[in-house]
Amino acid sequence: MQITDVRVRKVAKEGKLKAVVSITIDDEFVVHDIKVIEGEKGLFIAMPSKKSLDGEYRDIAHPINSGTRKRIQTTILERYEQSLEEESEVDAEV
């Protein structure tokens, strides 16, 4: 499995939610609404979820094992950091 595209949409408001991301896997499958969140120990991702009838949030799509989760998270966070750098370079030019 290869992550072939990452699209980052930064969130403008202040708070823990920093961005919403879509990833494409093997140029064939897209997962939308992965969230980049600022936690106490740094940035992490939250997979797309839905509120169930009992009020709990349940992931709609998620990796089966921790190795895959780590690979997805690393790829997304690298692209998020890259988008922040690109934004600061544009701001510096203006």
Side-chain angles (χ1 to χ4, degrees):
M1 178 194 86
Q2 296 296 318
I3 298 172
T4 52
D5 190 32
V6 178
R7 307 237 172 163
V8 177
R9 295 179 309 279
K10 289 187 252 359
V11 175
K13 64 182 181 177
E14 292 294 318
K16 294 183 180 199
L17 179 63
K18 300 301 179 187
V20 179
V21 177
S22 296
I23 61 170
T24 304
I25 300 169
D26 295 331
D27 286 322
E28 295 181 355
F29 188 79
V30 177
V31 179
H32 296 291
D33 297 331
I34 301 172
K35 295 168 186 71
V36 176
I37 299 172
E38 179 81 50
E40 292 179 13
K41 298 178 183 177
L43 294 172
F44 67 95
I45 64 167
M47 297 305 289
S49 61
K50 180 178 178 183
K51 193 173 187 177
S52 64
L53 295 175
D54 64 5
E56 296 283 324
Y57 283 90
R58 303 226 193 304
D59 286 350
I60 295 169
H62 60 86
I64 298 297
N65 59 57
S66 60
T68 302
R69 175 176 283 279
K70 184 176 181 179
R71 187 167 37 152
I72 291 171
Q73 178 165 286
T74 299
T75 302
I76 288 172
L77 294 181
E78 284 173 357
R79 183 63 186 102
Y80 172 72
E81 294 292 340
Q82 182 183 356
S83 71
L84 291 179
E85 289 172 14
E86 290 169 359
E87 186 177 273
S88 66
E89 289 173 6
V90 168
D91 289 345
E93 291 175 0
V94 174

**Report entry** Nearest atoms (heavy-atom pairs only) where Ala46 meets Ile37
**Finding:** CB-CD1, 3.7 Å

Query raised in the report: Which heavy atom of Ile76 sits nearest a heavy atom of Ile34, and at what distance?
Result: CD1-CG2, 3.8 Å

Query raised in the report: Are side-chain heavy atoms of Ile23 and Thr75 found at a separation under 4.5 Å?
Result: no

Report task. Output yes when a side-chain donor or acceptor of Thr74 lies under 3.5 Å from a complementary backbone atom of Arg71, and no otherwise. Result -> no

Query raised in the report: What distance do Phe44 atom CZ and Lys16 atom NZ have between them, rounded to the nearest 0.5 Å?
Result: 8.0 Å

Query raised in the report: So if you build clusters from Ile, Leu, Val, Met, Phe, Trp, Tyr with side-chain heavy-atom gaps below 4.5 Å, do Leu17 and Leu43 land together?
Result: no

**Report entry** Spacing of Ile3 atom CD1 and Arg79 atom CZ [to the nearest 0.5 Å]
**Finding:** 13.0 Å

Requested in this report: Check for a donor-acceptor pair, side chain of Asp26 on one end and backbone N or O of Glu28 on the other, with a separation under 3.5 Å.
Outcome: no

Query - Nearest atoms (heavy-atom pairs only) where Thr4 meets Asp27 - result: OG1-N, 2.9 Å

Report summary line: side-chain contact (heavy atoms from CB on, under 4.5 Å) filter on Arg69, not counting sequence neighbours, yields Ile45, Met47, Asp59, His62, Pro63

Query raised in the report: How about Phe29: does its CZ atom have over 12 heavy atoms from other parts shown lying under 6.0 Å from it?
Result: no

Query raised in the report: Does atom NZ of Lys10 have more than 12 heavy-atom neighbours from other groups under 6.0 Å away?
Result: yes

Requested in this report: Mind listing the closest non-hydrogen atom pair of Val8 and Ser83 along with its distance?
Outcome: CG1-OG, 4.0 Å

Query - Short side-chain to backbone donor-acceptor contact, Lys41 and Glu38, under 3.5 Å - result: no

Query - Gap between atom CD of Gln82 and atom CD of Glu85 - 0.5 Å precision - result: 7.0 Å

Report task. Compare all side-chain heavy atoms of Lys50 with those of Asp33 and state whether any distance is below 4.5 angstrom. Result -> no

Query raised in the report: Is the number of heavy atoms from other residues, nucleotides or ligands within 6.0 Å of CZ (Arg7) greater than 12?
Result: no

Query raised in the report: Any link between Leu77 and Ile25 through a network of hydrophobic side chains (Ile, Leu, Val, Met, Phe, Trp, Tyr) touching at under 4.5 Å?
Result: yes

**Report entry** Cluster check Met1, Val31: I/L/V/M/F/W/Y, side chain < 4.5 angstrom
**Finding:** yes

